[in-house]
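Here is the structure we will look at, set down as structure tokens.
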Amino acid sequence: MKLTEYFLPTLISDPKEADTISHKLMQRAGLIDKTSSGIYSFLPIGLSVLRNVESIVKEEMNRIGAMELLMPTLTPSSLWKETGRWTEYGDDMFRVKDRKGSEFGLSPTHEEIICDIVRGRVRSYKKLPLAFYQIQTKFRDEPRPRAGIIRGREFLMKDAYSFHATEEDAERAYKRFFDAYCRIFDRCGFSYIIVEAETGLIGGSFSHEFIALSDSGEDTVFVCPKCGYSASLDRAEIGIRDLEPASDGEPKEVYTPGLTSVQDVAKFLKADPVQLIKTLIYKADSEFVAAVILGTDELAEKKLKKVLGCKELKLAKKEAIVEATGTPVGFSGPIGLKLKMIADNSIKGRKNLVVGGNKMDTHITGVSSGRDFEPDLFADIKIAKNNDPCKKCEGRLEEKRGIELGHTFKLGTKYSQAMNLVFLDEEGKEHFIIMGCYGIGVSRIVATIIEQNCDERGIIWPKALAPFDAILININPEDFGLTNLSDEIYSVLEKEGIKVLYDDRIESPGKKFADADLIGIPWQIIVGKKATKENIELCERKTKNKEFVKLDELIGRISRE
RNA sequence: CGGGGUGUAGCGCAGUCUGGUUUAGCGCGCAGCGUUCGGGACGCUGAGGUCGGAGGUUCGAAUCCUCUCACCCCGACCA
């Protein structure tokens, strides 16, 4: 491709609205153009990369026997109503009406649609298992799109669905998808971790998130550098902390007028906030419970939910707290509380604590756990912090930011029950089909690659994903000698099937080098005054290493591995 | 949805507080001509704007007032 005939609108300065590195570079290097908030066009060079990502994804999906299909974006409300997600999705789903007034949703995901395809057509165990995938545009009306295409309202996703007769088979498929995901992210050259995750609106029994580490990421994860343990913020298991021990004190009521926050109380009593105890009142399904944690911690609701085994867990409302404990908000404490009490295990054996007095404007100092109150259960119910001890080894957890690239779910029968997907086994008995679903944010991958592969000059594409293999820079297209040589190199490379972008523009060398570095094509072939067929300059974008090769060596040097 | 911020040429900005000297400027980019040609060259000439939109105040509005729309960031929420 000759650059004079190509559409590559590069920018010298960062666009004002972008502040993550990948967003800036995608706009500056002419990969994308914003149409509206969270909605982007892929320009030619951006689309090349997107297609390269797609082909890696497709190859790995095909390799594990998943069949590609394509489902519609516009989907009738009736299907969503079957599973209840027409309501559950709320404002996150874009909705439209047809001319007759029938309601449709722009699909944010496709469980309902694939189930509708499969049900009725698969009635026998003999037709199972099945696995399908598609690469398709998804719509989600995000409350806050951000960071360019990292969180868009319209984005490209690979979603896959598998159907099984048995749990064991579903788990085997889960493993196959899991391994395929690892291969995909390895081939893209990502540095990533895999964490156990929550299933959210998709539902199901368990799931894993594939998270690329990046400071621009929106997810917080914890990694143990020693044993490799990794988990998301609200699930990371923490070992026992080695807190400064305190000696026993005498319980004493103190008057703390209007002081409800840990900070205020600690300041007022001149106490270390770690000696304070927070007592949070939650409503677990229909029962009120008290969660007791250190003043310096935050409660991990998902952990507490798991400990309680309840379906719904919500912080109790102000009036409900008064009703359940007889105490206004901010003065609840563990002593004499008549609710089920779960305490974080870092409270076990702690002494000389400050707790709420279960009385207006009152706290109690000098309290010891075990002596003055005994929770029903000790458990890990706090959110992890940087440098917390690892539960699996003696290491320390490190807090990192990441971008979620993939998510695998073992769904079980959530959708097959709602949509009546049944099959007959060998004995003619009816069962619900067991499902799995597996997603990858394809467009998000493109941004994430840039996050992990760039320098101050611009993008550095991994060779497997680059929009072109090489950029051929003719330093002076008005010089016949240089142009003849450049033309010859260009036609030789093209003939060999090497994708080359030929910078034949009449521009200053500085601009050409700057653009080449910005768009990040792995190899730069530079044709300047000293160049001959026997002495062609080849520069690697990533390292900026220069070497001089003969024309017939060039192909071998830059062909894809 | 709560908090903060921004809308002036393709991009980045000044001008707004204190209305009039602006025919609305500057840099980059763009077009033409010439000189350059190994790290975002230089000179000359030129094109490009209903100052986000609507209404209002005023002799006069980019500037003041009211409403509104769009976009960005933090949070909440979510893949």
Side-chain angles (χ1 to χ4, degrees), chain A residues 9-20 23-24 27-28 30 33-40 88-93 107-111 138-159 195 197-204 207-212 216-219 232 234 301 315 402-409 437-445 448 456-458 473-479 481-483 503 505-519 524-531 537 539 544 546:
Chain A
T10 58
L11 295 170
I12 288 182
S13 52
D14 289 333
K16 182 179 60 169
E17 61 188 26
D19 66 359
T20 48
H23 190 194
K24 286 179 187 170
Q27 301 237 120
R28 282 189 53 204
D33 180 59
K34 188 172 82 179
T35 301
S36 182
S37 177
I39 301 173
Y40 289 83
E88 234 178 286
Y89 251 107
D91 287 339
D92 282 5
M93 199 186 317
S107 266
T109 174
H110 278 76
E111 285 79 11
K138 294 287 186 280
F139 293 84
R140 294 185 191 176
D141 193 0
E142 292 291 340
R144 185 154 90 87
R146 60 175 292 276
I149 60 165
I150 288 181
R151 177 168 297 279
R153 297 193 292 170
E154 173 179 334
F155 59 99
L156 201 63
M157 184 175 182
K158 188 285 304 174
D159 46 326
V195 300
E198 292 303 316
T199 53
L201 261 185
I202 307 282
S207 80
H208 288 92
E209 283 177 1
F210 293 72
I211 293 177
S216 302
E218 344 177 62
D219 300 314
S232 56
D234 43 17
E301 292 190 6
L315 205 54
I403 300 168
E404 182 185 341
L405 297 177
H407 203 156
T408 52
F409 299 85
C437 77
Y438 320 88
I440 289 181
V442 176
S443 43
R444 181 180 274 185
I445 282 181
T448 309
E456 63 292 339
R457 297 168 199 264
I473 301 172
N474 181 355
I475 291 289
N476 183 5
E478 289 179 312
D479 179 315
L482 296 191
T483 300
D503 189 350
R505 296 175 302 172
I506 298 171
E507 289 287 357
S508 72
K511 180 167 171 61
K512 292 187 174 209
F513 288 131
D515 275 343
D517 287 345
L518 175 62
I519 62 179
Q524 303 173 341
I525 301 160
I526 301 158
V527 181
K529 255 184 268 177
K530 292 178 198 156
E537 182 180 337
C539 177
K544 296 308 261 178
K546 285 181 178 179

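Here is the naming used below: chain letters follow the sequence lines, and residue numbers restart at 1 for every chain.
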Nucleotide nearest A/S37 (side chain, heavy atoms from C-beta), chosen from B/A79, B/C71, B/G38: B/C71
Base B/G4 to side chain A/R144, donor-acceptor N/O within 3.5 Å cut-off: no
Integer-rounded Å distance: B/C77 C1' and A/E88 CD: 15 Å
Check: B/G38 base within 3.5 Å donor-acceptor of A/E537 side chain: yes
Check: A/R146 side chain, B/C73 base, donor-acceptor under 3.5 Å: no
Distance below 4.0 Å between A/K529 side-chain N/O and B/G38 OP1 or OP2: yes
Any strand: nucleotide that pairs with B/G10 via Watson-Crick or wobble, under 3.5 Å: B/C28
Partner nucleotide, any strand, of B/U66 [Watson-Crick/G-U, under 3.5 Å]: B/A54
Base-pairing assignment for B/U35 (Watson-Crick or G-U wobble, both under 3.5 Å): B/A41
Other residues, nucleotides, ligands: >12 heavy atoms within 6.0 Å of A/K529 NZ: no
Donor-acceptor pair under 3.5 Å, A/D515 side chain vs B/G40 base: yes
Distance test, side-chain N/O of A/S36 to OP1/OP2 of B/A70, below 4.0 Å: no
Candidates B/C72, B/C77, B/G38 - which lies nearest the side chain of A/F513: B/G38
A/D14 and A/Q27 side chains, donor-acceptor separation under 3.5 Å: no
Touch class at under 4.0 angstrom, heavy-atom based, for A/I526 against every strand present: base
Complementary nucleotide for B/U22 - Watson-Crick or wobble, under 3.5 Å: none
A/L11 side-chain proximity, nearest of B/G39, B/C11, B/A79: B/C11
Closest to the A/K511 side chain, choosing from B/G12, B/G40, B/C30: B/G40
Sugar-phosphate only, base, or nothing, as touched by A/G439 at under 4.0 Å among non-hydrogen atoms: nothing
Pair assignment for B/A47, Watson-Crick or G-U wobble, requiring both distances under 3.5 Å: none
Candidate nucleotides B/G38, B/C77, B/G40, ranked by approach to the side chain of A/A514 - the nearest: B/G40
Polar pair under 3.5 Å, donor/acceptor by atom type, side chain A/E478, base B/C37: yes
Partner nucleotide of B/C78 by Watson-Crick or wobble geometry (both distances under 3.5 Å): none
Rounded distance (Å) that lies between atom P of B/A70 and atom CZ of A/R153: 9 Å
Donor-acceptor pair (no angle test) under 3.5 Å: A/D517 side chain, B/G39 base: yes
Euclidean distance, atom NZ of residue A/K16 to atom P of B/G10 [Å, nearest integer]: 13 Å
Sugar-phosphate, base or nothing in reach of A/A147, heavy atoms under 4.0 Å: sugar-phosphate
Base-pairing mate for B/G60 - Watson-Crick or G-U, with both contacts under 3.5 Å: none
Whole-Å gap separating P (B/G10) and CD1 (A/I12): 17 Å
Touch class at under 4.0 angstrom, heavy-atom based, for A/K34 against every strand present: sugar-phosphate
Value in whole Å for how far the P atom of B/C78 lies from CZ of A/R444: 15 Å
Between B/A79 (C1') and A/F155 (CZ): distance, integer Å: 6 Å
Sugar-phosphate, base or nothing in reach of A/G90, heavy atoms under 4.0 Å: nothing
Residue A/K544, side-chain heavy atoms: nucleotide from B/A79, B/C11, B/G39 that is nearest: B/G39
Sugar-phosphate, base or nothing in reach of A/P145, heavy atoms under 4.0 Å: sugar-phosphate
Protein-nucleotide distance (A/E142, atom CD; B/C71, atom P), rounded to Å: 15 Å
Rounded interatomic separation in angstrom, taking NZ from A/K530 and P from B/G38: 10 Å
